[in-house]
Structure formats: structure tokens, C-alpha cells
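Notes follow once the structure below has been shown.
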Amino acid sequence: MTGKETALGGSPPRTGQPVTGAPAICSRFSQSIPEDALRRRFGLSGPLPPLPALVRPTDAALVIGSRGQFRLLRFGVLAAWGDTSGTQKPVINARSETLRDKPLFRGWLEQRVAVPMAGYDEWQGEDKRLHHVGPRGDDGPLLAAALWDGGERFCLLTCAADGAMAEVHHRMPVFLPDAQAATLWLGPYPFAQAQGALRPHSGMLHATPAPVQLPAQGRLL
């Protein structure tokens with residue numbers, strides 16, 4: 001590991017395989033972001049690892065911590081009390097409204113990270129029509145709130161969708177729309193204060209039906 005990648009600890013995760021089935025929320029996203037845009041928007045320094053064009057559950061993705069720390073972590077966390085045979089499905093997202101109530105996430109509330117995204121895929125309705133969701137205009141890249149499990153995994157946080165995004169899916173990732181929200185979430189604040197950043201911001205997003213429809217990603221919740 002080079003640069004500040006070691007700040008979150010551990011070694012680089014291995015890439016896994018996709019899971020197919022009913023659609024999950026934001027189960028596939030892109031980190032095809034120019035390096036200069038990453039450095040400028042998120043204040044990153046040091047050598048950056050190659051970023052994945054497509055991230056699916058168990059794949060490695062760039063994750064940002066406080067003070068410009070970063071490293072690769074696997075998408076999806078595992079329950080300590082779950083199946084230990086190696087077939088346990090990872091939990092890829094958590095409802096921001098109930099984090100305090102869930103034993104799986106309660107211990108990670110002070111291990112807050114964020115995930116840069118060029119955009120993500122979402123499937124709409126019973127016919128599972130695929131939409132590409134990205135930043136509106138020049139608002140990108142996006143920065144999604146997440147929790148780190150203290151090892152080599154992370155999960156995204158979701159909230160109730162509002163505005164036009166509610167027509168695509170009733171839930172959406174929690175995005176940090178500006179430096180103030182990012183500082184609140186990633187800074188040295190207690191969770192009771194940092195959770196003020198966990199709000200829907202669908203106005204910064206634009207959803208476009210995909211020209212080619214693909215099978216829905218597996219439900220991992």
C-alpha cells in the first residue's frame with residue numbers, strides 16, 4: 001500500500017463475484033472518476049490506486065476517511081454471528097434512520113467513511129427497468145455516506161428517496177452534497193451530531209433509463 005492508503009488499516013481486498021436475483025438498493029456503482037477531479041474535490045494526496053469502472057458486492061472500491069485518508073475496501077459487510085462456511089451474503093447497505101437500533105451497525109457509528117461515485121444503477125418497479133443515476137450538471141463526482149467495519153469492508157447508507165428519485169425507487173443512497181456535509185460526517189463528531197448529514201438530496205441527481213436492460217443485481221439485505 002502506498003500514500004495514505006494504510007490509514008484505515010489492513011491489506012487490499014480481493015475482488016469477488018456478482019450475485020444475481022431481485023434488485024437491491026444501489027447494488028452497482030461506478031468509480032470512473034478522473035484522478036484530478038478526485039484530488040480537487042476530496043482533497044486526496046499521494047498515489048491513488050486504479051479505480052474500478054464498475055463496483056458490485058464484494059468488489060473493492062476506493063473509500064475515503066477523515067483528513068484525506070483513503071484505501072480500497074470490499075463492498076458489503078458480514079455479520080459476526082452469520083454463516084461461517086464462506087457462503088454468507090454481504091450486507092451492502094443500511095437504513096440511516098435505524099442505525100442505532102441494529103446490532104450489526106451499532107458498533108460502527110464512529111467508523112464513518114464516504115465513497116466517491118461517478119454514478120450508480122437502480123432498477124425501477126416490478127419490471128426492474130434499469131436506470132443510470134448520476135450527478136446533475138456539474139455536481140459530480142458524488143460522495144456517498146458509508147460505515148466501515150474496522151476490517152476490510154464497508155456498507156452504504158440509504159434514506160427515503162424524495163423528488164424525482166422516488167419515482168425510480170423508494171430508497172436512495174445518502175449523498176454528502178458539499179464540504180460542510182462531508183466534514184460533519186467524516187469529522188471527529190459524535191454520531192448524534194454527525195447524523196445531521198444523513199438526509200436525501202435527490203435534487204443533485206439525474207436518472208436516465210438505460211438503453212440496454214441488464215439483469216438485476218441480487219438482493220443482499
Side-chain angles (χ1 to χ4, degrees), residues 1-19 24-77 90 92-93 111-122 130-149 151-158 172-179 181-183 185-186 201 204-208 210 212 214 217 220:
M1 304 289 280
T2 58
K4 296 186 179 180
E5 286 183 81
T6 57
L8 297 180
S11 56
R14 295 171 296 175
T15 297
Q17 297 297 323
V19 182
I25 305 165
C26 190
S27 58
R28 197 166 69 181
F29 63 89
S30 170
Q31 288 195 322
S32 293
I33 304 170
E35 184 172 321
D36 61 340
L38 272 175
R39 295 186 184 281
R40 182 175 61 253
R41 184 169 174 82
F42 306 126
L44 305 184
S45 61
L48 292 175
L51 297 186
L54 182 64
V55 179
R56 294 166 293 189
T58 74
D59 286 347
L62 183 74
V63 175
I64 299 173
S66 61
R67 301 183 302 278
Q69 301 168 352
F70 63 87
R71 65 157 294 190
L72 295 175
L73 295 175
R74 282 198 210 178
F75 181 26
V77 298
I92 63 170
N93 51 48
Q111 296 172 184
R112 302 186 296 269
V113 293
V115 182
M117 295 184 187
Y120 69 98
D121 289 340
E122 198 60 88
L130 177 65
H131 285 67
H132 297 314
V133 183
R136 184 181 297 276
D138 298 325
D139 289 338
L142 302 167
L143 188 64
L147 291 178
W148 172 42
D149 72 350
E152 60 175 36
R153 297 176 178 273
F154 73 94
C155 65
L156 297 172
L157 302 189
T158 70
M172 62 180 284
V174 175
F175 290 109
L176 306 170
D178 50 36
T183 298
W185 180 247
L186 297 175
H201 294 283
M204 62 187 293
L205 302 174
H206 177 68
T208 305
V212 178
L214 300 175
Q217 189 72 43
L220 302 178

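Scope of the values below: all heavy atoms of this structure, side chains included, with no hydrogens, waters or symmetry mates. Quantities reported herein were computed from a predicted structural model and do not represent experimental measurements. The chain is numbered in sequence order, starting from 1.
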*Look only at the side chain of Arg28 and the backbone of Leu54, and say whether a donor-acceptor pair between them is shorter than 3.5 Å.*
no
| said: Would the distance check show the side chain of Arg153 and the main-chain N or O of Gly76 forming a donor-acceptor pair, the cut-off being under 3.5 Å? | reply: yes
- Message: Parallel, tilted or perpendicular, judged at 30° and 60°: which one describes the rings of Tyr120 and Phe175?
- Response: tilted
When Val174, Leu157, Leu143 are each screened for side chain to side chain contact (heavy atoms under 4.5 Å, CB included) with Trp185, the one that passes is Leu157
Hey, mind stepping through Leu48 and Arg39 against side chain to side chain contact (heavy atoms under 4.5 Å, CB included) and telling me if it holds? CA-CA 9 Å; Leu48 292 175; Arg39 295 186 184 281; 3.6 Å; yes
Taking the side chain as C-beta and beyond, is there a heavy-atom pair between [X] and [Y] under 4.5 Å?
X      : Y      : result
Leu62  : Leu73  : no
Pro173 : Asn93  : no
Ile64  : Pro116 : yes
Pro90  : Val77  : no
Gln31  : Val115 : yes

- Show the numbers, then the answer: is there a side chain to side chain contact (heavy atoms under 4.5 Å, CB included) between Cys155 and Leu147? CA-CA 6 Å; Cys155 65; Leu147 291 178; 4.3 Å; yes
Is the distance between the ring centroids of Phe42 and Phe70 under 6.0 Å? no
message = Test side chain to side chain contact (heavy atoms under 4.5 Å, CB included) on Ile33 and Met117; report intermediate values, then the result.
response = CA-CA 7 Å; Ile33 304 170; Met117 295 184 187; 5.6 Å; no
Requested in this report: Verify side chain to side chain contact (heavy atoms under 4.5 Å, CB included) between His132 and Asp121, making sure each step is shown before the conclusion.
Outcome: CA-CA 5 Å; His132 297 314; Asp121 289 340; 2.6 Å; yes
Lys/Arg-Asp/Glu bridge criterion (N-O < 4.0 Å) met for Asp59, Arg56:
yes
Closest non-hydrogen contact found for Leu176 with Ala182 is CD1-CA, 4.0 Å
